[in-house]
Amino acid sequence: MSLSCLRFVRRYFFVLLAALAAALFAGCYLLGLPMLDITLLLVTAFNLVIGGLEARWRLYGWRVPEAKAHIAWPIPVEPGTARMTFSLIVPCKDEADVIGDTLRGLLRQTHPWFEIVVTLCHDDQPTIDAVHEVLGESAAGGRITVVTGRYRKSSKAQQLNRALQYCAGDVVGVIDAEDDVAEDLLVHTEALFEMTGADVVQGGVQLMNLGRGAGKWFQVHNVLEYFFWFTSRMAFHAEQGFVPLGGNTVFIRRALLNEAGGWPPRLTEDCSLGVKLSVEHGAKVATAYSAELTTREEAPPSIFNKRAGSLFWQRDRWVRGFLQEFADGKWLRMPTLRQKVLAGYILATPMLQAFSFILMPVAIGAGIFFKAPIGIAMLMFAPLLPVAVSVLSMLFGLHEFCRSYGQRASIWHYVSVLLLSPLYQLILAGAAAVAVYKYTVGDETWYKTGRMNSHRGSGIPAPRAPAEALSEEVAA
């Protein structure tokens, strides 16, 4: 197949898939086969597979006895025995309201050997001023390097790669500008590197704001997505050797990162780097999760408001990033057929789940209103079983989240999970549909998710640090 044909197939994969399905149904019709029965059976089988896999993987961390031990953090390295050095990159763009607390929190790390590389855009003066305010405090202790770059159109990948040039640590970590990071994270991370011999460590990330008021009903669903992803699915992916990495609390050996050429210039540079490291470098990824060491973030403050921060448009960008990786086809170079199938499914999951959600009410309605054998009509309701399991697991997950993080959920949070899950899935399905359209027409525009600092309390106390302050600023 020529390169131009291959590019055509990749870009219009889902259009071609729809055309193939239409041709298949047309063939059945011309051959006189029972079109409705075949269609209903295929739709039911599809919904069962998607729903069943989602329910199975969502509960991986709870149903597999070895899983909890697999994702547990080891005991930290003992004082005076730490050998690794860490470079923590903090990319910032319009983060003046949150970056100060984040840097002060990072400076409280108990690991003795770490540096912080803050990467800024030259035209973002409010954030630059906020960073310099921290530099003027005694707690900075010479640990912070500031890299200020000029970009025609900035992206997180560009800022990360620019900062990578100034990293001196054995391990490079990424921390987002609004993150609350546990003080002992690095001493546990070094212990996990030593114990597993991993090339990459992915720590847990958790959204914290469950949402207060009717207008924030969606946030509890977003919180639970993260909860199940990092307590279950991420560990399963690591076990299978294919991990689309998270955007922060990820630590990579610097030699490997340099060998890979840094972060790919993609919409979701984290996912793309994870695919590249898994496929091209056979990187071993270790994951770990505990509430005490989880990096805490906030759920988007709105569903559609681009300026404030939007769940819908954030998800549009994520889905297009996964689509890019799926269409790129690197996952087809995984060693075994099982890994190839799993990798392809993981990258296509957002689209498949959206399609299944749309098909489910259609199939149930068809089973009720169209004439079909009683057995087939009853089968139309079978996909509701894994859906019920997922909703039930979310209710238990909400209780477990509150117990782990010292929060209290109201009755309305439980009602939202129970009754509004279909509406939440509809929003995600809409975002996936927009993402497929934008990908097909080559639209690469995206919107940055705004921060409201709603996952933090009244403030973080100033950390104890050496009295002498020193910083380095590089104009890149």
Side-chain angles (χ1 to χ4, degrees), residues 61 66-90 105-117 143 160 163-164 166-176 179 181-206 229-231 233-263 270-271 273-295:
E66 301 82 12
K68 282 193 175 182
H70 180 70
I71 64 174
W73 284 101
I75 60 174
V77 292
E78 295 181 2
T81 64
R83 294 184 177 86
M84 282 185 169
T85 55
F86 289 84
S87 295
L88 306 178
I89 301 179
V90 186
L106 285 176
L107 288 167
R108 298 166 65 190
Q109 284 296 311
T110 56
H111 196 284
W113 312 114
F114 72 94
E115 64 175 352
I116 302 169
V117 183
R143 291 192 183 275
L160 288 170
L164 180 59
Y166 301 94
C167 292
D170 303 320
V171 173
V172 176
V174 179
I175 304 296
D176 280 349
D179 287 351
V181 180
E183 296 178 20
D184 294 331
L185 179 61
L186 294 185
V187 291
H188 283 85
T189 300
E190 178 169 342
L192 187 58
F193 270 112
E194 289 182 352
M195 185 181 75
T196 61
D199 302 298
V200 182
V201 165
Q202 173 70 69
V205 181
Q206 182 59 61
W229 179 270
F230 284 99
T231 59
R233 291 196 60 156
M234 184 68 78
F236 175 78
H237 294 166
E239 186 74 21
Q240 303 304 314
F242 184 83
V243 183
L245 295 173
N248 67 79
T249 319
V250 59
F251 302 91
I252 308 163
R253 294 186 186 271
R254 183 164 60 93
L256 174 62
L257 190 55
N258 285 327
E259 181 184 345
W263 285 265
D270 47 357
C271 170
L273 179 63
V275 172
K276 187 173 186 178
L277 293 179
S278 294
V279 175
E280 297 181 2
H281 299 271
K284 180 178 180 180
V285 180
T287 63
Y289 180 91
S290 73
E292 296 77 14
L293 295 172
T294 294
T295 295

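As the structure is a prediction and not an experimental result, all values here were calculated from the model.
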What distance separates [X] [atom1] from [Y] [atom2], expressed to the nearest 0.5 Å?
{"X": "Leu257", "Y": "His281", "atom1": "CG", "atom2": "NE2", "value": "9.5 Å"}
{"X": "Asn258", "Y": "Arg253", "atom1": "CG", "atom2": "CZ", "value": "14.0 Å"}
{"X": "Ile116", "Y": "Cys167", "atom1": "CD1", "atom2": "SG", "value": "11.5 Å"}
{"X": "Asp179", "Y": "Leu106", "atom1": "CG", "atom2": "CG", "value": "8.0 Å"}
{"X": "Leu192", "Y": "Trp73", "atom1": "CG", "atom2": "CH2", "value": "5.5 Å"}

Is there a side-chain contact between [X] and [Y] in this structure, where contact means two heavy atoms from C-beta onward sitting under 4.5 Å apart?
{"X": "Ile71", "Y": "Phe230", "answer": "no"}
{"X": "Phe251", "Y": "Gln202", "answer": "no"}
{"X": "Ile89", "Y": "Val172", "answer": "yes"}
{"X": "Ile252", "Y": "Val171", "answer": "no"}
{"X": "Glu194", "Y": "Val77", "answer": "yes"}
{"X": "Leu185", "Y": "Thr249", "answer": "yes"}
{"X": "Glu190", "Y": "Phe86", "answer": "yes"}
{"X": "Val117", "Y": "Val90", "answer": "no"}

As a quick check of understanding, evaluate side chain to side chain contact (heavy atoms under 4.5 Å, CB included) for Val250 and Val201, giving each step before the final call. CA-CA 6 Å; Val250 59; Val201 165; over 6 Å; no
Is a side-chain donor or acceptor of [X] paired with a backbone partner of [Y] at a separation under 3.5 angstrom?
{"X": "Ser87", "Y": "Ala168", "result": "yes"}
{"X": "Ser278", "Y": "Phe242", "result": "no"}
{"X": "Asp270", "Y": "Gly247", "result": "yes"}
{"X": "Glu183", "Y": "Gln109", "result": "no"}

Checking side-chain polar atoms at under 3.5 Å, does Asp170 have a donor or acceptor matched by the opposite partner on Thr85? yes
With side chain to side chain contact (heavy atoms under 4.5 Å, CB included) as the test, would you mind laying out the steps for Trp263 and Val174 before giving the verdict? CA-CA 11 Å; Trp263 285 265; Val174 179; 3.5 Å; yes
Locate the shortest heavy-atom distance separating [X] from [Y]; write the atom from each residue and the value.
{"X": "His111", "Y": "Leu186", "answer": "CB-CB, 3.6 Å"}
{"X": "Thr287", "Y": "Ala238", "answer": "CG2-CB, 3.7 Å"}
{"X": "Ala191", "Y": "Ile75", "answer": "CB-O, 3.2 Å"}

Which residues satisfy the side chain to side chain donor-acceptor pair (under 3.5 Å) test with Asp184, sequence neighbours excluded? Thr110
Ionic contact status for Glu115 with Arg143, cut-off 4.0 Å: no
Worked verdict on Lys284 versus Val200 for side chain to side chain contact (heavy atoms under 4.5 Å, CB included): CA-CA 6 Å; Lys284 180 178 180 180; Val200 182; over 6 Å; no
I'd like to know whether Val243 forms a side chain to side chain contact (heavy atoms under 4.5 Å, CB included) with Val275, so could you lay out the CA-CA distance, the side-chain angles of the two residues, the decisive distance to 0.1 Å, and finally the verdict. CA-CA 7 Å; Val243 183; Val275 172; over 6 Å; no
His237 and Trp229 aromatic ring geometry - parallel, tilted or perpendicular at 30°/60° bounds: perpendicular
